[in-house]
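Atoms within each ligand, like the ligands themselves, are counted from 1 in listed order.
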Amino acid sequence: MTRTSVIAAHTRAGVRTLTLNRPDRLNAANDELLLALTAELRAADADSAVRVVVITGAGRGFCAGQDLGDVSGRGMTFTEHLNATYNPLIRTIRGLGKPVITAVNGVAAGAGASLALSGDIRLWAQSASLIEAFSNIALVPDSGSTWFLPRLVGYHRAFEMMALAERVRADDALRLGLCEQVYPDNTFAQDVQAYAERLAARPAHALNLTKQALNAAMTGTLDQALDEEARLQQLAGDHWEHEEGVSAFKEKRPAQFMRDVNSPDH
Ligand code: LHQ
């Protein structure tokens, strides 16, 4: 377990869990938290013992967005602040070569809602909720909300959620496609760990390429996607994971994709 004042971190069974740790502020983000989280994510990306990253919150909130009482960003313009803190964080999550799970344990508001949506997999506790709270303080949705949300719910629902800033609860979030699973509050941490370990047992190299392919396809044409699939499939097909998957199929046994990270062909 390592701990800065704002992020608690531990690794178990290939799963690196990063916990936003300002519970008395519902984990509202100050610059220190945003920069520390981004640094932790980059470190997890570089650590071959880490196969999946989980971002979650301490206490009853996930992240209440920008800390409205914190003035540390105010030496900068809004644009400079976003470019220095929130935008590198969201880009790091989307560009990470490993699956990122956002484990939304409680309320996610404003930029915290954007963070909740930014994961490759979004797991929610039953009592979690999401509020596109920006318009409550007459701001524009940022940190990727304008990109994530319409792709999930369409333009019109996205606009309604942003304009009215109403709370979306877990059952509606599941129905709308804002999360993949909803778990009971009292088993949430264990359920997230079990899900993450299931993901960690999958072929890490192939999932990295899959993430790259999907991210590219989200902004490209069919022609571009077909070309990118052909390029990335070569990288996947040349990797030992593919050989292992095919051998396991032929031998009628489960594939073993978790190799000792110190083995020469890892
Ligand atoms: C907070 C916060 C908070 C400080 C709860 N800050 N203390 C903006 C500006 C600049 C650059 C970049 O980007 C952005 C993007 C944004 O994120 S804008 C949106 C900022 N976030 C919000 O507007 C959300 C504000 N919070 C709320 O609306 C409510 O707190 C929610 C709906 C999240 C939760 O409501 P409750 O469950 O009723 O909790 P609460 O309001 O009682 O909050 C608990 C404590 O946390 C409380 O402190 P206290 O000392 O009274 O116990 C709040 O003041 C504090 N807190 N959010 N963002």
**Prompt:** Under 4.0 Å from atom 53 (C) of ligand 1, do we find at least one protein heavy atom?
**Reply:** no
**Asked** Quick one: ring pair (Phe, Tyr, Trp, His ring centres under 6.0 Å) partners of Tyr86, sequence neighbours excluded?
**Response** His81
**Asked** Is the shortest distance from atom 39 (O) of ligand 1 to a protein heavy atom below 4.0 Å?
**Response** yes
**Prompt:** For ligand 1, which atoms, with element, lie under 4.0 Å from some heavy atom of Asp24?
**Reply:** 45 (C), 46 (O)
**Message:** As an exercise, identify every atom of ligand 1 less than 4.0 angstrom from a heavy atom of Leu26.
**Reply:** 5 (C), 30 (O), 34 (C), 39 (O), 43 (O), 44 (C), 46 (O)
**Prompt:** Going by the order shown, which atoms of ligand 1 are within less than 4.0 Å of some heavy atom of Arg167?
**Reply:** 32 (C)
**Subset of ligand 1 atoms that lie under 4.0 Å from at least one heavy atom of Leu82** = 12 (C)
**Message:** Under a 4.0 Å threshold between the charged nitrogen and the carboxylate oxygen, would Arg253 count as salt-bridged to Glu244?
**Reply:** yes
**Item:** Contact list for residues 178-221, test ring-ring contact (aromatic ring centres under 6.0 Å, His included), sequence neighbours left out
**Value:** His205-His239
**Prompt:** Side chains of Thr102 and Arg122: is there a donor and an acceptor less than 3.5 Å apart?
**Reply:** no
**Asked** Taking 4.0 angstrom as the limit, do Arg175 and Asp172 come out as a salt bridge?
**Response** yes
**Request:** Would you mind telling me which of Leu130, Leu152, Val168 makes a side-chain contact (heavy atoms from CB on, under 4.5 Å) with Leu176?
**Result:** Val168
**Prompt:** Can you tell which of Ala165, Gly59, Ala64 gets a heavy atom nearest to atom 24 (C) of ligand 1?
**Reply:** Ala64
**Message:** Out of Met76, Arg25, Glu132, who is nearest to atom 56 (N) of ligand 1 when you count heavy atoms only?
**Reply:** Arg25
**Atoms in ligand 1 flagged as close to Ile131, the criterion being non-hydrogen separation under 4.0 Å** = 32 (C)
**Fill in**
Judged by heavy atoms only, the candidate from Glu80, Arg22, Arg60 nearest atom 42 (O) of ligand 1 is Arg60
**Message:** Side chain or backbone, does Ala111 bring an N or O within less than 3.5 Å of an N or O on ligand 1?
**Reply:** yes
**Contact bool for atom 27 (C) of ligand 1 (protein heavy atom, d < 4.0 Å)** = no
**Request:** With heavy atoms only and a cut-off of under 4.0 Å, state how Asp142 meets ligand 1: side chain, backbone, both or neither.
**Result:** side chain
**Enumerated ligand 1 atoms positioned under 4.0 Å from heavy atoms of Leu139** = 8 (C), 9 (C)
**Asked** Hey, are the side chains of Pro141 and Phe148 touching, using non-hydrogen atoms and a 4.5 Å cut-off?
**Response** no
**Distance filter under 4.0 Å to Gly65 heavy atoms, resulting ligand 1 atoms** = 17 (O)
**Prompt:** Are the side chain of Arg94 and the backbone N or O of Ser118 linked by a donor-acceptor pair below 3.5 Å?
**Reply:** yes
**Item:** Residue Ala28 vicinity, atoms of ligand 1 by number, heavy atom under 4.0 Å
**Value:** 3 (C), 6 (N), 58 (N)
**Item:** Which segment of His81 sits under 4.0 Å of ligand 1 when only heavy atoms are counted
**Value:** side chain
**Asked** Is Asn136 near ligand 1, meaning one of its heavy atoms is under 4.0 Å from it?
**Response** no
